[in-house]
2 protein chains.
Amino acid sequence: MRLQHDRKRVCAPFTKRKRVDAQAIVEQAHALIHEGGSAAFSMRPLASALGTSTSALYRRFPSKEWLLIAVVDYVLEDVVATPPNAQAVTARRRLEHLSSSLREVLSSHPHLHEILTSRVTVTPNTIRIAEAALSCLRGVGVGDSDLVDAYNAWSGYVIGFTAIETKPPGFTPEPDLQEAMRRQLEDGGGLGAPTVAELMSPGANIAFGLRWAPGRLGAANTSFDWGLKALLDGFEAGQRG
Amino acid sequence: MRLQHDRKRVCAPFTKRKRVDAQAIVEQAHALIHEGGSAAFSMRPLASALGTSTSALYRRFPSKEWLLIAVVDYVLEDVVATPPNAQAVTARRRLEHLSSSLREVLSSHPHLHEILTSRVTVTPNTIRIAEAALSCLRGVGVGDSDLVDAYNAWSGYVIGFTAIETKPPGFTPEPDLQEAMRRQLEDGGGLGAPTVAELMSPGANIAFGLRWAPGRLGAANTSFDWGLKALLDGFEAGQRG
DNA sequence: ACCTGAACACCGTTCAAGT
DNA sequence: ACCTGAACACCGTTCAAGT
């Protein structure tokens, strides 16, 4: 599933003939982004990986922007939403599953946040996920007047947490820069930041804004579930009060 | 306040002499990013805006990466953290102020997320903000064993929400693409997404993943505070249970 | 109808040559 | 010690020319 762009300008991506090509471009683009990161991704290597000319790509996608959004949708296809009619599964449980599925997918494609968070992306899978989340939130007891707020708060938490959590491994800072940040944390912790100094054992690399190495959060990495529980508890408590 | 890089390779940014220059570079870079977005920002225009050669910039900053992180720290300077010894102000209230100050600053510099969320950034102001947040969370009643989790959840929510919320206005998608997304939402809403169709009046542009126009969320825009309340309520309830 | 090579107007970074 | 211009190896996108 991908967005349709103006048929007058370029070939229709949904027609039977040649549809494979557009799909192949998306898959190859995804593969290249997965390997080398979205910053390093460019049209020329993509074309040569596919064995075509760079300009031929512009017959399937009006611009790199359209292609990137197609890649986002392609990856989000993997997010699993439990259907609401599944018996014996509470709305809360379904929402927890959706959250962790979304987190898993975004985590295993660490370059997607760079694309996802910095632009507006409405795609079939975006809508599908939103539909599932909204229905769960209703099931949890959130009233209609609060539903949009709850949905925004939920997306903000899940997507935001994962976006900050998962630094692309290819985006490792240069050793010099990494060392400078580590030193900064040691020095800063000693001077004006007693709580930071107390909690962040050197090398812990455990908390946002205080860690200098990329990849997922270290240690137990319980923060996501812990925070989601607090957020959903807050949702439910708010409806009762 | 900025990170120090290796003095052997380049001139020290903290020495009295020439320090103005490094500061001037950061400020000019910030101005250019503010106007044109971080994607469009490049070294050549920066140099010519400052009246120097491009290569002269590399004497103050080892790479564009160091410069971008310096810009992040420069902007985060504006985040206000109420000191913990301020009487008659509860920890909860201080945390709410810190959250909205952080949100305000990030919102008014909409291009910062692209820099902030996609790489590891430890800077003096990052540490200052973390220190304030940790101390507030402790004051709210979060136990030491949960403090890192609570801090991560809080950062994930605040930074994440704001990152998704604030699309850089310069990042407006091409009209064709924007129209395709709007249509997608209409069609998709009608077919497999009844809740989306029910809630998202056309043109509402109100919810993450379902809106096609950049800028802040429309309408009442109460979602941030609503979600923060739920999260902090959840924090407090969790400590009592 | 589709593809192509060449071109346009850009990038970040380096480095020998200047002062 | 600092700055510079030119160069290197790249970008996204367009378009006349081919089949």
Side-chain angles (χ1 to χ4, degrees), chain A residues 5-13 15-22 24-25 28-29 32-33 36-71 114-115 118-119 170-171 173-177, chain B residues 5-13 15-22 24-25 28-29 32-33 36-71 114-115 118-119 170-171 173-177:
Chain A
H5 53 258
D6 193 340
R7 286 154 187 269
K8 276 164 265 166
R9 279 185 63 199
V10 279
C11 109
T15 43
K16 278 269 154 51
R17 210 168 56 88
K18 289 290 183 190
R19 183 182 171 174
V20 213
D21 295 59
I25 293 172
Q28 185 65 256
L32 289 176
I33 291 171
S38 71
F41 168 70
S42 65
M43 301 299 267
R44 257 168 269 239
L46 172 62
S48 76
L50 289 160
T52 37
S53 69
T54 311
S55 30
L57 300 173
Y58 286 83
R59 201 149 296 274
R60 312 290 173 199
F61 296 92
S63 72
K64 196 186 183 184
E65 198 71 11
W66 285 77
L67 175 54
L68 289 176
I69 288 173
V71 171
E114 300 156 29
I115 306 169
S118 63
R119 64 198 103 233
F171 228 110
E174 317 141 35
D176 282 8
L177 181 53
Chain B
H5 53 257
D6 192 341
R7 287 153 186 271
K8 277 163 261 162
R9 279 185 62 199
V10 280
C11 108
T15 42
K16 277 271 155 48
R17 209 168 57 90
K18 289 288 182 190
R19 185 184 170 173
V20 215
D21 295 58
I25 292 172
Q28 186 64 255
L32 290 177
I33 289 170
S38 72
F41 169 71
S42 64
M43 302 299 268
R44 259 168 267 239
L46 173 61
S48 77
L50 288 160
T52 37
S53 70
T54 311
S55 29
L57 300 173
Y58 286 83
R59 202 149 295 275
R60 312 292 172 197
F61 296 93
S63 72
K64 197 187 182 184
E65 199 71 10
W66 285 77
L67 175 53
L68 289 176
I69 287 174
V71 170
E114 300 156 28
I115 306 170
S118 63
R119 64 202 98 227
F171 228 110
E174 316 142 33
D176 282 7
L177 181 52

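In what follows, chains carry the letters A, B, and so on, assigned in the order in which the sequence lines appear, proteins first and then strands, with residues in each chain numbered from 1. Computed over heavy atoms, backbone and side chain alike; hydrogens, waters and symmetry mates excluded.
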| Watson-Crick or G-U stems of DNA chain C, 3 or more pairs, under 3.5 Å, by first number |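 Looking at DNA chain C, the stems formed by three or more consecutive pairs are C:4-8 with D:12-16, C:12-16 with D:4-8.
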| query | Taking only residues two or more places apart in sequence, or in another chain, which ones meet B:Ser63 in a side chain to side chain donor-acceptor pair (under 3.5 Å)? | reply | A:Glu174
| Non-hydrogen side-chain atoms of A:Glu114 and B:Glu114 separated by less than 4.5 Å |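 No, side chains not in contact.
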| field | Side-chain touch B:Arg119/B:Leu68, heavy atoms, less than 4.5 angstrom | value | yes
Kindly compute the distance separating [atom1] ([X]) from [atom2] ([Y]), expressed to the nearest 0.5 Å.
X: B:Phe61; Y: B:Ile25; atom1: CZ; atom2: CD1; result: 5.5 Å
X: B:Leu57; Y: B:Gln28; atom1: CG; atom2: CD; result: 10.5 Å
X: B:Arg60; Y: B:Asp21; atom1: CZ; atom2: CG; result: 4.5 Å
X: B:Leu67; Y: B:Ile33; atom1: CG; atom2: CD1; result: 7.0 Å

| field | With sequence neighbours excluded, residues passing side chain to side chain contact (heavy atoms under 4.5 Å, CB included) with B:Ser53 | value |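 For B:Ser53 the side chain to side chain contact (heavy atoms under 4.5 Å, CB included) partners, ignoring immediate neighbours, are B:Ser55, B:Ala56.
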Atom-to-atom span, [atom1] of [X] to [atom2] of [N] - whole angstrom:
X: A:Arg60; N: D:dT13; atom1: CZ; atom2: P; value: 17 Å
X: B:Trp66; N: C:dG12; atom1: CH2; atom2: C1'; value: 17 Å
X: A:Phe41; N: D:dG12; atom1: CZ; atom2: P; value: 8 Å
X: B:Glu65; N: C:dT13; atom1: CD; atom2: P; value: 9 Å
X: B:Leu67; N: C:dC11; atom1: CG; atom2: C1'; value: 15 Å
X: B:Tyr58; N: C:dG12; atom1: OH; atom2: C1'; value: 4 Å
X: A:Met43; N: D:dG12; atom1: CE; atom2: P; value: 7 Å
X: B:Leu46; N: C:dG12; atom1: CG; atom2: P; value: 9 Å

Which atom pairs link the protein and nucleotides 4-7 of chain D when you take only N or O atoms and keep those under 3.5 Å?
{"residue": "D:dT4", "atom": "OP2", "partner": "B:Ser53", "partner atom": "N", "Å": "3.0"}
{"residue": "D:dT4", "atom": "OP2", "partner": "B:Ser53", "partner atom": "OG", "Å": "3.0"}
{"residue": "D:dG5", "atom": "O6", "partner": "B:Ser55", "partner atom": "OG", "Å": "2.6"}

| field | C1' spacing across the pair D:dA16 / C:dC2, given as an integer number of angstrom | value | 15 Å
| request: Rounded to whole angstrom, note down the C1' distance from C:dA7 over to D:dC11. | output: 14 Å
Which atom pairs, one a donor and one an acceptor, fall under 3.5 Å between side chains of residues 41-52 of chain A and the rest of the protein, sequence neighbours left out?
{"residue": "A:Ser48", "atom": "OG", "partner": "A:Pro45", "partner atom": "O", "Å": "3.1"}

